[in-house]
Amino acid sequence: MPDDGLGAPAVAAASGREARTANGRGTDSWPAAPATAGAASGTGAPLLPHEETDRWERRLREVAVGFVDDPREAVEEADRALEEITKRFTEAVTRRRRTLRMSWQGTEERGPAAETDTEQLRLALRDYRELAGRLLHG
């Protein structure tokens with residue numbers, strides 16, 4: 001199943017957990033501490049795909065090598081790279097938040113006042129805590 005780079009299904013794709021929850025068969029326990037929530041929920045995937053992080057690391061190594069020839073240009077390039085990395089993380093977190101909101105807020109299909117069962121809300125809270133923990137503790 002395609003994901004959004006955060007280990008979450010792409011928008012409009014239901015995960016197995018969401019399907020179980022909709023049927024009232026959620027199997028997860030009460031939200032774990034942020035450090036362990038990823039393993040329980042399956043959302044502990046890297047914020048960016050491994051291939052992309054590898055490209056960024058390669059780029060920053062090349063910048064470091066270039067420092068010998070042109071220190072100022074190397075630092076300017078490092079600044080640009082960090083700006084781009086920050087943008088990618090912001091996009092990834094925004095997509096993840098959108099997915100999380102869709103898991104518990106009303107939608108046009110369900111109606112704004114559609115009931116969200118307690119299990120769906122519990123899973124959403126767990127996933128919010130997990131993402132916040134990853135952002136706060138790397």
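- L125 CG to Q120 CD: the interatomic distance, rounded to the nearest 0.5 Å, is 13.5 Å.
- The CG atom of L131 sits 6.5 Å away from atom CG of L47, with the distance rounded to the nearest 0.5 Å.
- Residues L60 and A81 share a closest heavy-atom pair of CD2-CB, 3.8 Å.
- For the atom pair CG of L100 and CD of Q105, the computed distance is 10.5 Å after rounding to the nearest 0.5 Å.
- Note that OG1 of T99 and CZ of R101 are 9.0 Å apart. Values are rounded to the nearest 0.5 Å.
- To the nearest 0.5 Å, atoms CG (D117) and CG (L123) are separated by 8.5 Å.
- No side-chain heavy atom of R126 sits under 4.5 Å from any side-chain heavy atom of E130.
- Rounding to the nearest 0.5 angstrom, the gap separating the CD atom in E52 from the CD1 atom in I85 is 8.5 Å.
- Tracing side-chain contacts under 4.5 Å through hydrophobic residues (I, L, V, M, F, W, Y), one never reaches L82 starting from L48; they form parts of separate clusters.
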Inset, instruction - I would like to know whether R59 and E62 meet salt bridge (charged side-chain N to carboxylate O under 4.0 Å, His left out); could you show each step before the answer? - result: CA-CA 5 Å; R59 181 174 171 186; E62 292 168 3; over 6 Å; no

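- No option in E77, E83, E84 other than E77 meets the side chain to side chain donor-acceptor pair (under 3.5 Å) test with R80.
- Between A74 and V63, the shortest heavy-atom contact is O-CG1, 3.0 Å.
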